[in-house]
Amino acid sequence: MDNNLSPEHFQLIRKVLRETSRKEQDRPLKRKRRKVHENSTKDPEPKVTISIDSSDSDSRVEDKPEVVDLQSASDAGKEETYEDEGSEDYDDSDEFEDVTEPVTFDAAGVLSVTIAPKQETKKGSGAKARNICSNEERQRRRYYHMAYLLCLMVHGAIVNDWINNSKLLRKLSKLIDENLFNLLHPEKDDQMPLRSTRKLLDGLKKCMELWQKHWKVKKRYSGLEYYMRSWQETDGPIDLKKTLTENEFVRRVLKGHGNCDLATQGFVALLRSCNVNARLVMSCQPPDFTNLKEQESPTSRADTYSNSFKYPIFWCEVWDKFTKKWITIDPTNLKTIEQVRNGSKLEPRGVSACRRNMMRYVIGLDRKNGCKDITRRYASWFNSKCRKRRITNSAPGSEWYDKVICALHRRKRTRIDDYEEEYFNQRDEDEGMPDNLQDLKNHPKFVLEKDIRINQVLKPNSKECGYLNVNHGRQVLKVFDRKDLIDLKSAKQWYMEGRILKVGSRVRKTIKKSKGRMRSMTGIDGEVEEERLYSIDDTELYHAPLASSPDGKIEKNAYGNIEVFVPSMIPANCCLIESPNAIKAAKFLEVEYARAVCGFKFERGNSSKPIIGGVVVAKWFVEAVVSAIDGIEYSLEVDERQKQELKALEDWNVLLLKIRIKSNLNATYGQIQEHGTATNKDDINDSSADDSDFEAPAGGFLPVPNADTEAAQPTMTDSDEHEKLEPQEEGGFVVAASESKLTSVKHDRTEGTCAAKSQKSLDLDEKSEADEETDGSYEQFMEELDFSDQDS
DNA sequence: CTGGAAGATCTATCTTTGTCCGAA
DNA sequence: CTTCGGACTTTGATAGATCTTCCA
């Protein structure tokens with residue numbers, strides 16, 4: 001009954017939470033001018049929540065808490081086993097420490113997360129406000145987007161699992177009569193394969209009609225459901241009254257009650273019930289992280305219901321084995337069947353429709369629990385427009401998304417995947433060149449001549465692959481294929497990657513580069529240096545000179561180090577040992593070694609420091625050095641333990657010393673406390689036998705070698721100090737004060753002014769030595785004794 | 001309504017081997 | 001005396017991204 005989501009899902013959620021919590025702290029705003037948030041004076045603790053609910057909850061968006069709610073499939077007894085990559089999240093793991101927000105699982109397997117509200121920001125003094133959120137908010141939105149997307153995808157996978165419910169499929173299969181079944185499974189027509197496809201399409205159409213009769217759409221949507229929310233709408237709390245369970249899902253599908261989404265999911269179940277390879281397709285609509293507006297403009301709220309929900313979130317795909325293509329069916333919303341070639345009817349068009357339904361992540365969930373991103377099929381301008389709005393627009397985001405897809409994809413690769421991939425590649429080819437400047441910026445396939453970077457150059461003889469008219473046809477810009485671009489680097493930059501120039505390599509480009517800053521700051525600025533750039537083809541892998549054979553001497557640079565920026569820079573017969581103690585170990589063994597510079601640290605002015613990542617030693621010394629490191633680490637550990645023991649003994653010493661001094665005083669001058677009198681005067685006299693060992697003028701402590709004293713002492717606590725104690729027979733306590741001092745104190749005591757003066761005379765450093773039995777020969781600390789508590 | 005030009009503003013990148021002084 | 005380690009100080013130019021405003 002466990003909800004076995006991959007840990008990285010939760011890490012992500014924690015990250016979002018952490019990001020939000022970080023916002024609560026006060027921090028300087030980077031942007032000076034910001035728009036005041038109108039709602040800043042409302043509820044001091046509004047909750048922010050993502051609601052992913054499988055039921056058609058009637059929650060309205062406004063004024064609801066923000067909660068992530070994942071209804072797991074666990075209540076149906078099905079195990080959700082998502083693959084765990086085991087690898088680290090793309091972000092540093094320490095990012096996830098000290099998470100304080102509540103992330104709780106209740107017994108029913110519902111994960112609920114409460115995200116603290118984002119901080120409202122004050123308006124700057126500037127008269128003109130920029131409607132852009134801060135950088136922190138930008139990051140928060142990114143994480144929020146990811147968490148939201150993750151929840152949606154997991155939700156899709158769970159619903160897809162429900163669709164495979166055997167009871168549901170058994171009952172639905174009765175709706176399909178034999179004729180219809182045969183239509184859905186046509187014979188292969190060798191002469192005219194299209195005829196088979198035709199039959200299949202007919203069958204699907206009939207299924208759709210049948211389903212429309214079966215299904216009574218009670219209401220379309222009561223809230224925003226799975227449609228995209230604006231950032232303002234994610235602030236408000238969302239009430240989650242109902243959560244759908246698998247049983248409830250099955251019941252509703254069989255009854256034919258529910259909204260469009262449920263109807264489509266039911267339709268997929270219907271097709272699967274007669275063994276059609278049908279996919280549930282879901283277009284995930286997390287809030288748009290590329291929308292950086294602090295506030296939505298008021299006009300954008302004026303979207304009509306029909307426009308907002310015109311295009312579906314869920315639809316269906318059926319595999320046509322004759323044409324080797326997926327057929328798209330939207331049985332409830334647009335009620336269409338299509339074979340997507342260059343554009344789909346399901347792709348939202350128009351500004352108002354895109355406000356609530358921005359096609360970015362379309363995932364296909366098949367009957368074998370496969371999960372694929374099939375956005376390519378439906379987005380006609382995937383490379384130029386859609387790509388920019390996806391979290392995959394950055395490398396870490398892309399990595400994360402791949403991991404999520406991979407975790408949800410729980411089947412082996414099939415031929416169908418190959419065909420689909422081929423189709424997607426073809427679509428990429430066919431997409432063509434964008435017809436405006438904006439879409440050509442950062443386009444994965446095309447590049448404008450003016451957008452070629454300073455360290456890039458076109459391949460020789462490469463021709464432009466198209467033209468772009470700008471300025472109403474008054475100007476024509478050349479467009480090149482990105483494949484024809486070559487990245488260039490200077491010799492030094494190549495060296496940092498472990499590559500050196502080949503003999504006879506030629507300069508591809510020469511750029512002007514202002515000289516180092518340090519020099520320009522001293523006054524000789526304006527000097528420019530030429531930087532020669534080379535392509536990767538003009539370089540080869542750097543092979544460091546080998547260590548000399550018997551003694552293992554390694555060639556070092558002017559600073560006595562060896563540069564190991566990449567692993568390939570280690571000499572072939574050497575090894576890099578990455579340990580902070582490696583240098584010590586190599587020194588100790590007196591073998592040849594070189595400190596390895598793995599990079600540089602830039603901070604504080606213009607200074608940079610090399611980062612020593614360990615030592616490089618010849619391979620035949622590695623074993624010795626590693627064991628020496630082990631030894632060093634072990635001895636460090638021992639030292640650490642000894643230090644702890646010493647500290648403990650010292651603490652005991654202080655305690656005992658205080659006790660003994662007190663009892664000695666009590667014995668010598670009588671009990672001060674009202675409840676007793678001094679005893680054991682004889683013992684005290686005995687204990688002063690060893691005072692010759694001490695130089696301290698006023699007293700000291702000699703640890704007791706006898707075992708029974710050690711047994712007796714550890715039960716004491718500070719509170720015991722005020723009790724009358726038995727001085728130890730062999731105790732090492734010595735009042736090392738001179739006789740005269742003691743007598744003078746005694747004298748005072750007899751006159752009845754005990755406390756103040758006697759303390760003064762004893763308010764001296766006490767020295768004691770360690771017991772040989774406990775551990776080694778170390779010097780005891782000097783401790784100033786404080787007797788003030790004995791005044792009482 | 002869309003897209004381009006120009007300007008404003010912000011962010012990311014590139015940089016690529018210190019010195020002084022006190023404690024141990 | 002040497003050695004070790006922490007404090008010191010808080011760069012700065014520039015390319016590129018992304019926003020706004022205005023206009024066609």
Side-chain angles (χ1 to χ4, degrees), chain A residues 28-35 124 126 128-139 142 289-295 297 299-300 349-352 354-355 384-385 388-389 393-396 434-442 447-448 450-456 468-477 489-498 511-522 525-529 531 533 556-566 569 580 583-584 587 594-613:
Chain A
L29 297 170
K30 292 232 170 115
R31 304 205 179 209
K32 286 146 209 153
R33 294 185 290 171
R34 11 197 44 239
K35 196 158 187 173
K128 213 175 164 190
R130 274 192 103 191
N131 194 12
I132 306 168
C133 65
S134 67
N135 208 26
E136 290 82 21
E137 172 67 4
R138 229 177 260 215
Q139 266 304 312
R142 266 191 101 87
F289 71 94
T290 59
N291 176 7
L292 299 174
K293 286 191 171 61
E294 189 98 42
Q295 287 258 296
S297 57
T299 51
S300 68
R349 282 164 212 283
V351 176
S352 59
C354 287
R355 193 158 291 135
S384 41
K385 292 189 193 295
K388 292 175 186 168
R389 308 259 174 215
N393 66 358
S394 69
D435 58 353
N436 61 70
L437 274 176
Q438 284 166 12
D439 287 345
L440 269 168
K441 264 218 179 300
N442 296 324
V447 63
L448 276 170
K450 65 175 184 120
D451 284 340
I452 295 173
R453 298 244 204 279
I454 198 159
N455 61 341
Q456 287 176 327
L468 180 73
N469 284 328
V470 291
N471 223 344
H472 308 282
R474 268 169 275 176
Q475 203 183 343
V476 177
L477 298 177
K489 284 188 171 81
S490 67
K492 192 158 204 170
Q493 284 169 321
W494 280 122
Y495 181 63
M496 293 299 288
E497 292 178 21
I511 56 163
K512 299 262 193 290
K513 214 181 159 193
S514 60
K515 260 192 168 178
R517 280 185 296 284
M518 277 182 286
R519 260 153 290 177
S520 69
M521 277 157 73
T522 53
D525 56 356
E527 211 173 324
V528 282
E529 213 173 46
E531 180 102 72
L533 303 180
K556 295 169 200 163
N557 65 6
Y559 307 95
N561 302 325
I562 184 168
E563 284 139 339
V564 185
F565 304 126
V566 288
M569 293 177 82
I583 295 174
K584 263 187 215 164
K587 249 186 203 166
R595 287 176 298 173
V597 176
C598 299
F600 293 94
K601 205 165 64 181
F602 299 96
E603 51 177 30
R604 301 208 173 116
N606 295 315
S607 69
S608 54
K609 268 184 176 174
I611 299 165
I612 305 290

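Predicted, not measured: the structure shown is a model, and the values here were computed from it. Throughout, protein chains are lettered first and strands after them, A, B, ... in sequence-line order, and every chain is numbered starting at 1.
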Report summary line: Picking from B:dT16, C:dA24, B:dA5, the nucleotide nearest the side-chain atoms of A:L437 would be B:dA5

Query raised in the report: Just how far, in rounded Å, is P of B:dG4 from CG of A:N469?
Result: 11 Å

**Report entry** Short side-chain to backbone donor-acceptor contact, A:Q493 and A:S490, under 3.5 Å
**Finding:** yes

**Report entry** Out of C:dA17, B:dA5, B:dT17, whichever nucleotide has its closest atom nearest the side chain of A:R453
**Finding:** C:dA17

Query - P spacing across the pair C:dC8 / B:dT17, given as an integer number of angstrom - result: 24 Å

**Report entry** Minimum-distance nucleotide (side-chain atoms of A:R474 versus B:dT16, B:dT17, C:dA24)
**Finding:** C:dA24

Report task. Name the pairing partner of B:dA24, where a pair is Watson-Crick or G-U wobble with both distances under 3.5 Å, or state none. Result -> C:dT2

Report summary line: Separation of C:dG16 atom P from A:K450 atom NZ, nearest Å, is 12 Å

Report task. With the side chain of A:V470 defined as its heavy atoms from C-beta on, choose the nearest nucleotide among C:dG16, B:dA5, B:dG3. Result -> B:dA5

Query raised in the report: Do A:R389 and A:F289 have side-chain heavy atoms sitting under 4.5 Å apart?
Result: no

Query raised in the report: In terms of side-chain heavy atoms of A:Q438, which of B:dT17, B:dG3, B:dT16 is nearest?
Result: B:dG3

Query raised in the report: Does C:dA15 have a Watson-Crick or wobble mate here (both distances under 3.5 Å), and if so which one?
Result: B:dT11

Requested in this report: Compare the minimum distances between each of B:dT17, B:dA5, B:dT16 and the side chain of A:N471, then state the nucleotide with the smallest one.
Outcome: B:dA5

Requested in this report: Take A:R595 and A:K556 through the test side-chain contact (heavy atoms from CB on, under 4.5 Å) and record every step on the way to the result.
Outcome: CA-CA 9 Å; A:R595 287 176 298 173; A:K556 295 169 200 163; over 6 Å; no

**Report entry** Separation of atom NZ in A:K492 from atom P in B:dT17, rounded to whole Å
**Finding:** 6 Å

Query raised in the report: Which part of the nucleic acid, if any, lies within reach of A:E531 when heavy atoms closer than 4.0 Å are counted: base, sugar-phosphate only, or nothing?
Result: nothing

Query raised in the report: So how far is it from A:L477 CG to A:L437 CG, rounded to the nearest 0.5 Å?
Result: 6.0 Å

**Report entry** Interatomic distance, A:K441 atom NZ to A:K388 atom NZ [nearest 0.5 angstrom]
**Finding:** 9.5 Å

**Report entry** Atom pair distance, as rounded to whole Å: NZ in A:K584 and C1' in C:dG5
**Finding:** 12 Å

Report task. Mind checking A:N557 for me? I need base, sugar-phosphate or nothing, with any heavy atom below 4.0 Å counting as a touch. Result -> base

**Report entry** Atom pair distance, as rounded to whole Å: CD in A:E497 and C1' in B:dC14
**Finding:** 14 Å

Query raised in the report: Between A:K587 and A:L292, which is nearer to the 5' end of DNA chain C once each is assigned its nearest nucleotide?
Result: A:K587

Query raised in the report: In terms of side-chain heavy atoms of A:Q493, which of B:dT17, C:dA17, B:dT15 is nearest?
Result: B:dT15

Report task. Measure the distance from CZ on A:R355 to P on B:dC1 and round it to the nearest whole Å. Result -> 10 Å

Query raised in the report: Relative to each other, are the rings of A:F600 and A:F565 parallel, tilted or perpendicular (30° and 60° limits)?
Result: tilted

**Report entry** A:R138 side chain near C:dA17 phosphate (N/O to OP1/OP2, under 4.0 Å)
**Finding:** no

Report summary line: To the nearest angstrom, the CD1-P distance between A:I611 and B:dG18 comes to 14 Å

Query raised in the report: Under a 4.0 Å N-O cut-off, is there an ion pair linking A:E531 with A:K492?
Result: no

Report summary line: With the side chain defined as heavy atoms from C-beta on, A:V351 is closest, among B:dT17, B:dA5, B:dT2, to B:dT2

Report summary line: Rounded to whole Å, CD1 of A:I612 lies from C1' of C:dG5 at a distance of 15 Å

Query raised in the report: Out of B:dG3, B:dT17, C:dC19, which has the shortest distance to the side chain of A:N436?
Result: B:dG3

Query raised in the report: Rounding to the closest angstrom, what is the interatomic distance between C:dT11 and B:dA12 at atom C1'?
Result: 15 Å

Requested in this report: Select from A:N291 and A:H472 the residue whose nearest nucleotide in DNA chain C is closer to the 5' end of that strand.
Outcome: A:N291

**Report entry** Stacking check A:Y559 vs B:dT17 (5.5 Å / 30 deg)
**Finding:** yes

